[in-house]
Amino acid sequence: MEAHRKIALVSPYDHAFHGGVADHINSLAAQFREWGHTVKIVAPCKSPDAIDDDDFIPMGRAVPIPSGGSIARVSFSVWLKPQIKQMLEREAFDVVHFHEPFAGLISKDMLSLIDPAESTAVGTFHTYEGTHLYKIGAKHLAMPYFRMLQGRIAVSRPAYEFISRHFPSDYDIIPNGIQVDDFADAQPFDHLKNDGMLNLLFLGRLEKRKGLKYLLGAYSRLKWDWPNLRLLVVGGGKPDADSLRIISERNLKDVVFLGRVSDEDKFRYYKTADIYCAPATGRESFGIVLLEAMAAGAPIVASSIEGYSSVIKHGREGLLVPPKQEGALANAIASLLQNPELRHALSTAGTMNVQDYRWERVARRVMDCYDASREAWLESESQCAVGIRG
């Protein structure tokens, strides 16, 4: 039986806002708890009462800053160190796992206070070219804290290539996970699935880097030949000016903006899709939306950016096209509309591929990283002690 551990999962981001890192942490915590471990989540939070987790420890408030074409809400509070010190002494964690260790100040303060003989410090790096701070000298300020990490994880090959340029070291590449059965077992929306229309699905925040305008351009090329085609757009935010212009100038019909939806409805929209489209233009370290589509059995057309190419292979689980090229995007979608057998083949391959990303498998790899990091640190300390005695 595995030894019980007390684990802190530390996020620099406001935990009241949904996002890739917050979802990753919540799922990792749930899996660890299912195995009997004690897990506390430590993060800044604008509204702590909104977090339905008795083991959530709020740590300051966050402010919005631009990051990688999006908005990150991180804490730069400089007065939290006494509070962090008291928490660490009270909780006595076996493992402190930092996510994006150099975003905000919470992780820096915690790393400076952790006793490596008592707690294993591990860092996971999620982003791909998400910040320019490393290029202007911030990496020199962060390097002492980087050295305090006993284990280092990157969520994908692109994330590894980015962070290792600035902080060379050995990293375990452990991907994001997914609750596969939530998507696989969902029921489609009958009124959308059985009305004679074919559904393209776009799901993501309505930010320029997600490439909605290119999908709208491709859709406008397809609609004439496929009058029963519909585009479902799911995600928070407002369409950018280019997207609105394309809709207006080309008089696009059957484009349905559904806004932000619940997790349950998200599962159902994926299940409703005949084709899932991910036309992002870059800065994606990982393709979590591609995993979600594969889990739901939706064939995929996506941009051939690094984060997506590390998840699917062209012609196997989906079709990859050059980013920002609506013509290539339209041709790929058309090839699937014309070929139900190909759609089925991509769907079948995707449902097989996504099994490797089940949270129980991903979490096991993370737990193995904790163990290996601890063993490596103890061995290093032992060698140092021998050297001193010698």
Side-chain angles (χ1 to χ4, degrees), residues 9-31 41-45 51 53 62 64-75 97-104 107 123-131 153-160 162-163 173-180 182-183 202-211 234-237 260-263 266-267 270 276 278-296 302-303 305-312 354 357-359 362-363 365-366:
L9 300 179
V10 184
S11 172
Y13 303 123
D14 191 329
H15 208 63
F17 287 83
H18 281 291
V21 173
D23 292 344
H24 181 108
I25 287 174
N26 287 333
S27 296
L28 191 59
Q31 186 60 59
I41 296 173
V42 182
C45 190
I51 304 299
D53 186 342
I65 60 170
S67 176
S70 183
I71 297 295
R73 294 171 173 83
V74 300
S75 173
H97 186 169
F98 299 94
H99 293 263
E100 288 303 340
F102 305 136
S107 297
T124 289
F125 297 87
H126 293 260
T127 60
Y128 172 60
E129 297 188 353
T131 178
I153 298 170
V155 299
S156 66
R157 175 62 58 175
Y160 160 75
F162 169 67
I163 197 63
I173 299 179
I174 304 176
N176 291 296
I178 185 175
Q179 301 291 358
V180 172
D182 288 341
F183 295 87
F202 171 97
L203 192 147
R205 294 187 301 274
L206 301 189
E207 300 170 347
K208 283 188 175 182
R209 69 189 181 98
K210 299 298 183 179
V234 177
R260 184 180 289 110
V261 301
S262 67
D263 284 343
K266 180 177 74 169
F267 306 149
Y270 274 117
Y276 176 69
T281 60
R283 291 185 173 179
E284 302 286 339
S285 67
F286 190 78
I288 194 70
V289 290
L290 306 189
L291 298 186
E292 294 175 345
M294 286 190 286
S303 302
I305 57 177
E306 289 190 73
Y308 289 172
S309 299
S310 67
V311 175
I312 67 173
V354 79
Y357 298 89
R358 286 183 173 273
W359 263 113
V362 173
R365 294 178 62 186
V366 173

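Remember, predicted model here, so these are calculated numbers, not experimental data.
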Do [X] and [Y] make a side-chain contact, defined as non-hydrogen atoms from C-beta onward lying under 4.5 Å apart?
X	Y	answer
Thr281	Lys208	no
Pro175	Val155	no
Val362	Asn176	no
Val234	Lys266	no
His97	Val366	yes

Subject >> From Thr124 atom OG1 to Phe98 atom CZ, the distance as rounded to the nearest 0.5 Å >> reply: 11.0 Å
Original post:
Has Tyr160 got more than 12 heavy atoms of other residues, nucleotides or ligands less than 6.0 Å from its OH?
Top reply: no
Of the non-hydrogen atoms in [X] and [Y], which two are nearest, and what is the gap between them?
X	Y	answer
Ala29	Ile41	CB-CD1, 4.1 Å
Asp14	Cys45	OD1-CA, 3.3 Å
Ser11	Ile25	CB-CD1, 3.4 Å
Ala43	Tyr13	CB-O, 3.8 Å
Ser303	Ala280	OG-O, 2.7 Å
Arg365	Ile174	O-CD1, 3.6 Å

Original post:
Is the closest basic N to carboxylate O distance between Arg157 and Glu306 below 4.0 Å?
Top reply: no
**OP:** Would you sort out whether His24 and Ile288 count as a side chain to side chain contact (heavy atoms under 4.5 Å, CB included), showing the intermediate values?
**Re:** CA-CA 10 Å; His24 181 108; Ile288 194 70; over 6 Å; no
**OP:** I would like to know whether Phe286 and His126 meet side chain to side chain contact (heavy atoms under 4.5 Å, CB included); could you show each step before the answer?
**Re:** CA-CA 8 Å; Phe286 190 78; His126 293 260; over 6 Å; no
**OP:** Please name the residue in the list Tyr357, Tyr270, Tyr276 that meets the side-chain contact (heavy atoms from CB on, under 4.5 Å) test with Glu292.
**Re:** Tyr270
**OP:** Pick out which of Val180, Ile312, Ile178 makes a side-chain contact (heavy atoms from CB on, under 4.5 Å) with Leu291.
**Re:** Ile178
Subject >> Arg209 side chain vs Glu284 backbone, donor-acceptor pair below 3.5 Å >> reply: no
Subject >> By side-chain hydrogen bond (donor to acceptor under 3.5 Å, both in side chains) - contacts of Asp53 (at least two apart) >> reply: Arg33
**OP:** For Ala22, check side-chain contact (heavy atoms from CB on, under 4.5 Å) against everything at least two apart and list the hits.
**Re:** His15
**OP:** Given side chain to side chain contact (heavy atoms under 4.5 Å, CB included), test Thr127 with Glu100 step by step and report yes or no.
**Re:** CA-CA 8 Å; Thr127 60; Glu100 288 303 340; 3.3 Å; yes
